[in-house]
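For reference, the structure discussed in these notes is given below.
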Amino acid sequence: MCLIRHFELHAAQAYEQKLTPGTVYLAVGQEASSATVSMLTPGYAVFTQHRGHSALLAHGGDPAALRDELLGLESGCCGGRGGSACAQDIAIPMYAHHGQLGESIAIATGYALASKKPTLAYFGDAAAEEDYALSSFGFAATHKLPVLYVCEDNNLSILTPIEDRRNWNVYEVADSMGLATANIDDDPVLIHDTVTRLLKSLPAFINIRTCRHLWHTGVGRDGPPEWDRLDEYRSKVPDAEAIENRVKESVEALWQEQLQRQ
Ligand SMILES: Cc1ncc(C[n+]2csc(CCOP(=O)(O)OP(=O)(O)O)c2C)c(N)n1
Ligand SMILES: [Mg+2]
């Protein structure tokens with residue numbers, strides 16, 4: 001969680017200083033989901049959508065290649081041509097976004113069908129509404145595919161909350177199709193216990209309620225966030241301060257190393 005938070009704060013700074021040629025989709029506030037899920041899913045193939053820096057970092061992707069991608073450099077993970085939304089790391093393997101909301105769900109489902117390998121799809125509460133997303137859940141249940149669907153539910157599609165978009169819950173639809181499901185807060189301990197259980201009966205769907213601290217794109221804020229799970233855990237984890245300082249320093253060095261060359 002510390003790695004994601006501090007990496008993203010540096011990405012925000014680079015964006016504000018106009019060092020990133022494109023826009024950025026930041027995961028500040030939403031660290032707990034991928035940070036915890038990744039601990040339980042080594043070796044899984046990972047599919048993400050536009051807000052995917054967190055999954056890349058959590059699943060062991062190369063932070064320097066992500067940094068360079070955001071800076072538009074050839075040494076970036078997509079040769080500097082994909083930018084924030086498309087950042088991926090095939091070594092994990094992690095495959096990112098091409099622009100169509102919900103594609104990570106359908107593509108991950110096809111990947112699991114073809115490969116029979118354990119697969120993870122990260123997506124948001126709006127992506128889960130796409131028709132091909134819903135049919136993918138049903139297809140995975142029918143064919144008993146080894147997929148965990150992870151909905152990072154920040155209750156927003158850009159600016160529109162769920163109550164203005166639909167009168168149904170995605171996890172209830174997934175449940176009705178026969179997937180093992182859960183709907184929980186982004187508390188890391190809760191995520192850990194729930195995902196441990198769900199991984200025993202794939203395909204499964206977990207809806208994790210998260211809190212986006214920054215605007216949909218870029219770095220704007222609308223005021224103090226409703227909650228900050230990382231901050232909450234600062235007082236719960238022994239040695240939290242020392243751990244965070246260590247991570248913060250290494251992330252600072254990572255960004256400085258490249259920015260000083262520019
Ligand atoms: C098929 C499609 N429809 C609409 C869009 C425009 N769009 C991009 S991101 C977004 C909202 C995404 O919300 P969510 O999936 O909840 O992810 P979040 O940004 O909240 O992390 C929309 C509507 C798109 N890229 N693709
Ligand atoms: Mg959302």
Side-chain angles (χ1 to χ4, degrees), residues 1 4-5 7-8 11-12 15 22-38 46-59 66 70 78 82-88 94-110 120-137 148-174 183-186 191 205-222 225-230:
M1 288 174 75
I4 298 166
R5 173 67 58 94
F7 185 95
E8 293 291 67
Y15 176 86
T23 190
V24 289
Y25 299 90
L26 299 174
V28 179
Q30 303 201 163
E31 299 87 358
S33 41
S34 53
T36 315
V37 170
S38 64
V46 180
F47 293 80
T48 57
Q49 60 175 41
H50 55 279
R51 208 174 301 285
H53 305 175
S54 44
L56 184 148
L57 294 168
H59 286 271
L66 175 58
L70 300 179
C78 303
S84 173
C86 303
Q88 61 187 14
M94 170 202 166
Y95 303 97
H97 195 53
H98 304 89
Q100 186 161 346
L101 208 56
E103 63 182 6
S104 66
I105 300 167
I107 297 173
T109 306
L120 270 175
Y122 288 100
F123 50 91
D125 51 292
E129 294 164 6
E130 300 293 357
D131 52 359
Y132 37 88
L134 298 172
S135 52
S136 296
F137 302 143
L148 177 65
Y149 298 103
V150 182
C151 182
E152 297 185 291
D153 173 7
N154 56 21
N155 188 30
L156 288 169
S157 176
I158 303 183
L159 287 171
T160 313
I162 290 175
E163 63 173 1
D164 292 345
R165 311 197 313 257
R166 51 177 151 96
N167 62 357
W168 48 276
N169 291 315
V170 179
Y171 51 87
E172 286 174 351
V173 174
N183 172 37
I184 60 168
D185 285 335
D186 67 345
I191 299 172
F205 181 108
I206 185 165
N207 192 74
I208 303 176
R209 291 186 295 269
T210 62
C211 181
R212 190 184 84 195
H213 289 193
L214 305 178
W215 285 352
H216 172 68
T217 55
V219 301
R221 287 178 192 264
D222 280 326
E226 205 181 324
W227 73 88
D228 184 343
R229 201 64 72 188
L230 173 63

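Atoms within each ligand, like the ligands themselves, are counted from 1 in listed order. Remember, predicted model here, so these are calculated numbers, not experimental data.
- Set against the non-hydrogen atoms of Arg51, the atoms of ligand 1 under 4.0 Å away are 18 (P), 19 (O), 21 (O).
- Here's the thing with Gln30: none of its N/O atoms is less than 3.5 angstrom from an N/O atom of ligand 1.
- Listed by number with element, the atoms of ligand 1 under 4.0 angstrom from any heavy atom of Ala127 are 15 (O).
- Taking the charged nitrogens against the carboxylate oxygens, Arg209 and Asp153 have no contact shorter than 4.0 Å, which rules out a salt bridge.
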Evaluate the criterion ring pair (Phe, Tyr, Trp, His ring centres under 6.0 Å) for residue pair Phe137 and Phe205; output intermediate values, then yes/no. CA-CA 8 Å; Phe137 302 143; Phe205 181 108; 5.2 Å; yes
Test side chain to side chain contact (heavy atoms under 4.5 Å, CB included) on Asp186 and Ser33; report intermediate values, then the result. CA-CA 6 Å; Asp186 67 345; Ser33 41; 5.6 Å; no
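- Note on Glu152 versus Arg51: no salt bridge recorded, every NZ/NE/NH1/NH2 to OD/OE distance being 4.0 Å or above.
- Inclusion of Asn154 in the first shell of the Mg ion (ligand 2) is supported: an N, O or S atom falls under 2.8 Å.
- Between Gln100 and ligand 1, no pair of N/O atoms sits closer than 3.5 Å.
- At a cut-off of 2.8 Å, Ala127 is not counted among the residues with an N, O or S atom near the Mg ion (ligand 2).
- Few gaps surround CH2 on Trp227; more than 12 heavy atoms of other groups in view lie less than 6.0 Å from it.
- If you look at Asp125 and ask which of its N, O or S atoms sits nearest the Mg ion (ligand 2), the answer is OD1.
- The shortest separation from a heavy atom of Glu152 to ligand 1 is not under 4.0 Å, leaving the residue out of contact.
- Remark: ligand 1 atoms within the under-4.0 Å shell around heavy atoms of Leu156 are 13 (O), 14 (P), 16 (O), 20 (O).
- Look at Glu130 and you'll find a heavy atom under 4.0 Å from some atom of ligand 1.
- Tyr122 does not count as a contact of ligand 1, since none of its heavy atoms falls under 4.0 Å from the ligand.
- The two residues Cys78 and Cys86 come nearest to each other via the heavy atoms SG-O, 3.3 Å.
- Ring-centre distance between His98 and His50: not below the 6.0 Å cut-off.
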